[in-house]
Amino acid sequence: MAVLLSKKSRVLVQGITGHQGQFHTRAMLDFGTKVVAGVTPGKGGTKVEGVPVFDGVREAVHRRRANASIIFVPAAYAKDAAIEAIEAGLKLVVIITERIPFHDCLEVMPLARSRGCVVIGPNCPGLASPGQAKMGIMPNQLFKEGDAGVISRSGTLTYEIVNAMTEAGFGQTTCIGIGGDPIIGTSMVDALAMFQKDRKTKRIVVVGEIGGTAEEEAADFIERRVTKPVVAYVAGRTAPPGKRMGHAGAIIQGNRGTAESKVKAFEAAGVPVAEYPVGIPRLLAAT
Amino acid sequence: MAVLLSKKSRVLVQGITGHQGQFHTRAMLDFGTKVVAGVTPGKGGTKVEGVPVFDGVREAVHRRRANASIIFVPAAYAKDAAIEAIEAGLKLVVIITERIPFHDCLEVMPLARSRGCVVIGPNCPGLASPGQAKMGIMPNQLFKEGDAGVISRSGTLTYEIVNAMTEAGFGQTTCIGIGGDPIIGTSMVDALAMFQKDRKTKRIVVVGEIGGTAEEEAADFIERRVTKPVVAYVAGRTAPPGKRMGHAGAIIQGNRGTAESKVKAFEAAGVPVAEYPVGIPRLLAAT
Amino acid sequence: MKFLEYKAKEIFARYRIPVPQGVVAASPADILDPPLPCMVKAQVLVGGRGKAGGIKAAESLDEARTVAGQILGMDIHGFRVKQVYLEERLDIGQELYLGVTIDRSAREPLLMASAMGGIDIEAVPHDRIYMEHIPTVVGIQPYLVRSLLKQLALPKEVGDQIASIVGHVYDLFRKEDAELVEINPLVVTKAGGVVAGDAKLVIDDNAEYRHPEYANLDQDRTPLEQEAHDKGITFIQLDGDIGVIANGAGLTMATLDILGLKGGRGGTFLDLGGTDDPGKVKQAFEILIEAAPSVILLNIFGGITKADTVALGVKQALEEMHTKIPVVARIKGVNEAQAKEMLRSIGMYPAETVEEAAELAVKVKSGGP
Amino acid sequence: MKFLEYKAKEIFARYRIPVPQGVVAASPADILDPPLPCMVKAQVLVGGRGKAGGIKAAESLDEARTVAGQILGMDIHGFRVKQVYLEERLDIGQELYLGVTIDRSAREPLLMASAMGGIDIEAVPHDRIYMEHIPTVVGIQPYLVRSLLKQLALPKEVGDQIASIVGHVYDLFRKEDAELVEINPLVVTKAGGVVAGDAKLVIDDNAEYRHPEYANLDQDRTPLEQEAHDKGITFIQLDGDIGVIANGAGLTMATLDILGLKGGRGGTFLDLGGTDDPGKVKQAFEILIEAAPSVILLNIFGGITKADTVALGVKQALEEMHTKIPVVARIKGVNEAQAKEMLRSIGMYPAETVEEAAELAVKVKSGGP
């Protein structure tokens, strides 16, 4: 088993006819995901990788019983797409799209919460549950079924770490790329709570980075509520203060949000922090 | 035990210095309710019936650990008061105030849902859990501890029915006056779900009235999800179509929302419907 | 609050919803420069005016005046026509339906549309009506408009106009505290323009204080209902002869029902609300007496209120008004026995329960007991 | 996007936030009719200009020109002053702080205020700062303003003005896609008026497309950073000498960290993002070479991408640019072996892991291996 998605999840791809949508629909199918429908306004009636395309989400849900959606539509239309998915009653929406104005997310997230819908992202690599399903853009071959839950704010850095885990024999229950934007649907703490509750997950990997206080809050939550072993990596130790590092998230302000502060918080919570990304498996071996 | 509130609930009264607020603070205290604080902007530092008054909800929560609020403030200020309570983290807010524009409630209710806050009302008599606590304006002496859950859209009509129940020996776990407005925080179905879940509640009384389709939805829910015996009364059998009967709720449109439709729905769901309000105890005796 | 068509269209225009040119008139002499050719439309707060002969065409000023003269003063389903609206005639290509109202169950506004406009929406088959909830948190979003346009199978040029109208209608709905904004028909002209053929607008009475500009509009109330409304009393005239007065809408309805089961017919629905204020009790009785019932049935479930205080208030009110209408009263509350005694002492008929009171009222009316 | 004070104040004024009279000038000769007496304020996208001598008073036109001449061209924390803003001098009674920003943890806007304005908000004791979240679903509500005014202990006349300013600030925050709207100090004049003494505004870069009117504003970027930005490349100049380029912000940061642990210092943060497009790879390398690093450290975790394709792209880019800067490359993806071979064949230093690559880069820089 896994958190959030499983073999039974019936996945809808919003923006399926675009380059990314099409490419990753193929990859998700290859992963074993039940991709049951796609949506692109105006392209209803066509097919992509054998998946029927509809004009609207309501129709896709009605006709194909989709219950989760992954969004690839461009930033300017992502808010509309997410709201359409939430209002069609989907309970899991993964937003891959990057560069969405965060004011749009300020509207989407409370709506999702009021409807009991879990949003992952935006600006994230999505979700992968090896042996179950994938809703995301992570390379398929990285993963291996196992008992570690992975939570990360980053994309490629996560691939690096998951790859190292898999090579060292540490498989994953689910890998959640929560995304690096200022306003995200599922926080590090939310994801930790899911893994703590999941019976199959025996250990947890947290991949953080500078900016914001998500890691500090995660450390606090781990100390109070998480009984499973947690190990961490924090990117940005050498980043100079006051510079933005791509992720809107990565801005250092004062002494909050620095790598030092995050590493210190994790260590105080009994979470060992790897110096190198590839150090994660070694730390896992000790759990 | 009871649903929603208990002896331990720490109640805040918003609008405590007004006539109604003051009067019902006394009555709630007499009922055994832990009224721990009141709020009236500008009246902080005073006391009402021995209860300390604060200028704002946040302060009252911080100083007195209030965890539920009852609102008596005038309609024009009720939205602000409710949002203040929700944003201060209270998880139960009972709005007694009547004549609140429903567009205000269109904003308040999704916010409450997004924060996991249960709202009762507006335009309702509130909640009473005999032997536990009261957050409402129902006369204290009507109630008696027992195993029946009561759900009602009406005020005085409920008093009549609860009074008849108590006289006939049918006590109550909790009586929920959900209110008669178009937009309410807790629907008849929501309340049914609470009683179905509550172990102490063995039978349920539903008091409906013409207008809307709450009773039809309740009947449907009862058929599918409620295993406990339910009995009902529906007011407005002789009301002429198209006339408003005080409650904004009571407008009959076409053949939806008529008393006939509601009675029929209840009976189809196996819920006996009393002809007279005082007929409820006789139906309960048969459960 | 309901609005006459012309008034609703004034408000529509403020929200940039396209409406035809038109002028309102209270008499044929008022009509000076109507748009021609025009439709002369009875302004009444009731549906079905077309079938009742309340809408007629006119080609010239003279004809407009003649037709207006015929329509003015008409009785349409009990409503006298006091004004007509003379509106430019539209070259109708298609008639749509568009409305926003409130869905209590979903606790959200509901967007409704149909390609079968011009007829009563309740007569349109369910599967021909587009219905989607509008999430209040975010308002109208493009996906809603897309799915609406798809279901109505409208061409793009018309679609763009309707997209903008939908936005304006929702804006009006929210900002004016509307219960209902309805355009039926929403006319697509042969030239491809989209215009509101009719306009129905109902605003939440509870929001009246936020819209003082609408305070004095005519409503569909009888003169006595209007008088009660102005005094803040919830009062409805019914077609029976027993004047029912109670506290609380639910209890008043239940009292009417019980009276019906006992063979009586209520002539009034009068919700006394809070019973603390003797002045309010008196005002309510004044209205009730003006309604001239054969007998009054009073049902108060006080709970907290003292029954004898209420009884005293009722006694004083009736004495001051020198009415001979018999009163059957059931007052529940503290000191019920004293209250009963007091009522009996002044010739009223006290009752223990509502059922008893209803039976008594029917008997008293028939000359008994 | 950051805004110079005068530009931010223009926007403030559009949102009806009171600002002092002022004129902007790029040279003393530009100054014709400043409000007098005035403050001459350096316009730079960095804090602390007051202490750095970037704000001075002037009584007359002549003095204003003289002072402006002194301030223009100044270097304030690495930023050259290109413009000054001459603003009416305020008769300061009290200096407050007011700001709206975004709280990631709560996922809501945060309203901040303090009676200790005029100084850096981070220096104000925590218990002297009012902080409340603004529920986006409903926006600013009266209770927020009440609690703010209470905590700041302000008199009613001032309170009403601040209540209105708070509303306008939030309106601007939402409508302009702001990350930060800050007024420090918010000045209460001796006459009791409330005016924005300073104005800080940062707008979400991701929302640039919704605000094309701000597209060409000067930002706090180095010329090379600006060039990269214009090409859509995420690039930051750092103070080391090894040019780091990787795909993904997190991986680029981690690469810099690993380099640091191996004794090197990154001179660039260059996030290549998607590696599909050879044109993009080339553009990125052009920027990198302009930054003149002693060695380039390339780290690509492709996953899906073919490693040999990326290697080919890098090879072509470097060959076309005729650079002699050594490149250490670690490219992970399909066909890694071929990629490694190709890199070696053109004189690059291939590595298996990031750690190895970082070590190699440090060695190559020191003349090895």
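Every chain is numbered from 1, with letters handed out A, B, ... down the list of sequences.
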Check the surroundings of atom [atom1] in [X]: do more than 12 heavy atoms from other residues, nucleotides or ligands lie under 6.0 Å from it?
| X | atom1 | answer |
| --- | --- | --- |
| B:K264 | NZ | no |
| C:K262 | NZ | yes |
| B:Y77 | OH | no |

State the [atom1]-[atom2] distance between [X] and [Y], to the nearest 0.5 angstrom.
| X | Y | atom1 | atom2 | result |
| --- | --- | --- | --- | --- |
| C:E108 | B:I183 | CD | CD1 | 8.0 Å |
| C:T353 | B:E160 | OG1 | CD | 8.5 Å |
| B:R99 | C:D205 | CZ | CG | 6.5 Å |
| C:D103 | B:T213 | CG | OG1 | 7.0 Å |
| B:F102 | C:N206 | CZ | CG | 9.5 Å |
| B:D181 | C:R104 | CG | CZ | 8.5 Å |

If every non-hydrogen atom of [X] is compared with every non-hydrogen atom of [Y], which pair is closest and at what distance?
| X | Y | value |
| --- | --- | --- |
| C:D257 | B:A239 | OD1-N, 4.5 Å |
| C:G260 | B:T238 | CA-CG2, 4.3 Å |
| B:A76 | C:Y209 | CA-OH, 3.2 Å |
| C:G250 | B:L157 | O-CD2, 3.7 Å |

At a heavy-atom separation under 4.5 Å, does [X] approach chain C through its side chain, its backbone, both, or neither?
| X | answer |
| --- | --- |
| B:I100 | backbone |
| B:I184 | backbone |
| B:E98 | neither |

Give the member of C:G240, C:A254, C:A106 that has the highest number of heavy-atom pairs under 4.5 Å with chain B.
C:A254
Check whether any side-chain heavy atom of B:S187 sits under 4.5 Å from a side-chain heavy atom of C:R107, and report yes or no.
yes
Does the side chain of C:I258 reach to within under 4.5 Å of the side chain of B:P277, using non-hydrogen atoms?
yes
What part of [X] is in contact with chain B, defined as an atom under 4.5 angstrom from a non-hydrogen atom: side chain, backbone, both or neither?
| X | answer |
| --- | --- |
| C:E355 | side chain |
| C:L261 | both |
| C:T136 | side chain |
| C:F235 | neither |
| C:R265 | neither |

Best-contacting candidate, B:A75, B:G185, B:A235, against chain C by heavy atom pairs under 4.5 angstrom
B:A235
If you tally heavy-atom pairs under 4.5 Å against chain C, which of B:D104, B:V207, B:L106 wins?
B:L106
Measure from the side-chain N and O atoms of C:D177 to the backbone N and O of B:H103, and report whether any donor-acceptor pair falls under 3.5 Å.
no
Under 3.5 Å, side chain of B:T156 to main-chain N/O of C:N247, donor-acceptor pair present?
yes
Salt bridge C:R174-B:E107, side-chain N to carboxylate O under 4.0 Å:
yes
